[in-house]
Amino acid sequence: MGGMQQILNLSESSDKTKVAMVHALPEKSKSTGLDLIFKEIKKKYPTAKSYHFYFPAKRISIVTVLASYDQTFKTVTNRYDVLSGQLLETSRFEDDRIGEKFSAMNYDIHTGNVLGLPGKIVAFLGSMISASLPLTGFLIWYNRKKSKRI
């Protein structure tokens, strides 16, 4: 957790839904746990822009699935048991603490996507001004140096 996120999360608790874990595949199922998870995610969040599956580096049977939308504010994160396909935990953006929300919005803030098209325009103009400062600074310095010779 980053420093800014820890400061913003100081006095808040997160309301994440947790479910007990069971390691058994449903009977008469020819599908694997991942197939069941994908079907459930598509059924729960049919309007999601994309689904991201995050597998742990260690060999544990928990997978994190992110259903993302155009706006970060609608993002839903689910954790599943890969073996059984059972839902273990659900986390929505609005249930996160302030620091977690800020951390999740980091990319959207930097690209201006938080405010939609006007935000993108402001971010573009700010970037152009920032990018032009070294060039204009050099030109001012060069012109002053050149005018002192005369």
Those residues that, when tested against K42, pass salt bridge (charged side-chain N to carboxylate O under 4.0 Å, His left out) (two or more places apart):
none
Contacts of K120 meeting salt bridge (charged side-chain N to carboxylate O under 4.0 Å, His left out) (sequence neighbours excluded), chain-then-number -> none
To the nearest 0.5 Å, how far apart are [atom1] in [X] and [atom2] in [Y]?
{"X": "E100", "Y": "D95", "atom1": "CD", "atom2": "CG", "result": "10.0 Å"}
{"X": "R79", "Y": "I37", "atom1": "CZ", "atom2": "CD1", "result": "11.5 Å"}
{"X": "L139", "Y": "K146", "atom1": "CG", "atom2": "NZ", "result": "10.5 Å"}
{"X": "N78", "Y": "R92", "atom1": "CG", "atom2": "CZ", "result": "7.5 Å"}
{"X": "L36", "Y": "D81", "atom1": "CG", "atom2": "CG", "result": "11.0 Å"}

Under the side-chain contact (heavy atoms from CB on, under 4.5 Å) test, which residues partner [X], sequence neighbours left out?
{"X": "V122", "result": "none"}
{"X": "K43", "result": "none"}
{"X": "T47", "result": "Y69"}
{"X": "K44", "result": "E40, Y80, L87"}

Mind checking whether V82 and L66 sit in one hydrophobic cluster, side chains of I, L, V, M, F, W, Y counted as touching below 4.5 Å?
no
Taking the inter-plane angle between the rings of W141 and F138 on a 0 to 90° scale, is it parallel (under 30°), tilted (30 to 60°) or perpendicular (over 60°)?
tilted
Under the ring-ring contact (aromatic ring centres under 6.0 Å, His included) rule, collect the residues that match up with F38, sequence neighbours excluded.
none
Side chains of residues 123-137: which donor-acceptor pairs under 3.5 Å do they make with residues two or more places apart or in other chains?
unit_1 : atom_1 : unit_2 : atom_2 : d
S127   : OG     : A123   : O      : 2.8
S130   : OG     : G126   : O      : 2.9
S132   : OG     : M128   : O      : 3.3
S132   : OG     : I129   : O      : 2.9
T136   : OG1    : S132   : O      : 3.1
T136   : OG1    : L133   : O      : 3.1

Once side-chain hydrogen bond (donor to acceptor under 3.5 Å, both in side chains) is applied, do any residues pair with H110, and if so which ones, sequence neighbours excluded?
N106
Under a single-linkage rule joining Ile, Leu, Val, Met, Phe, Trp and Tyr whose side-chain heavy atoms are separated by less than 4.5 Å, which residues share a cluster with Y107?
none
Hydrophobic side-chain clustering at under 4.5 Å (ILVMFWY, transitive links): who's grouped with I140? Put none if nobody.
none
For I109 and V114 the tightest heavy-atom approach is N-CG2, 3.6 Å
When you compare the side chain of V65 with that of Y45, does any pair of heavy atoms fall below 4.5 Å?
no
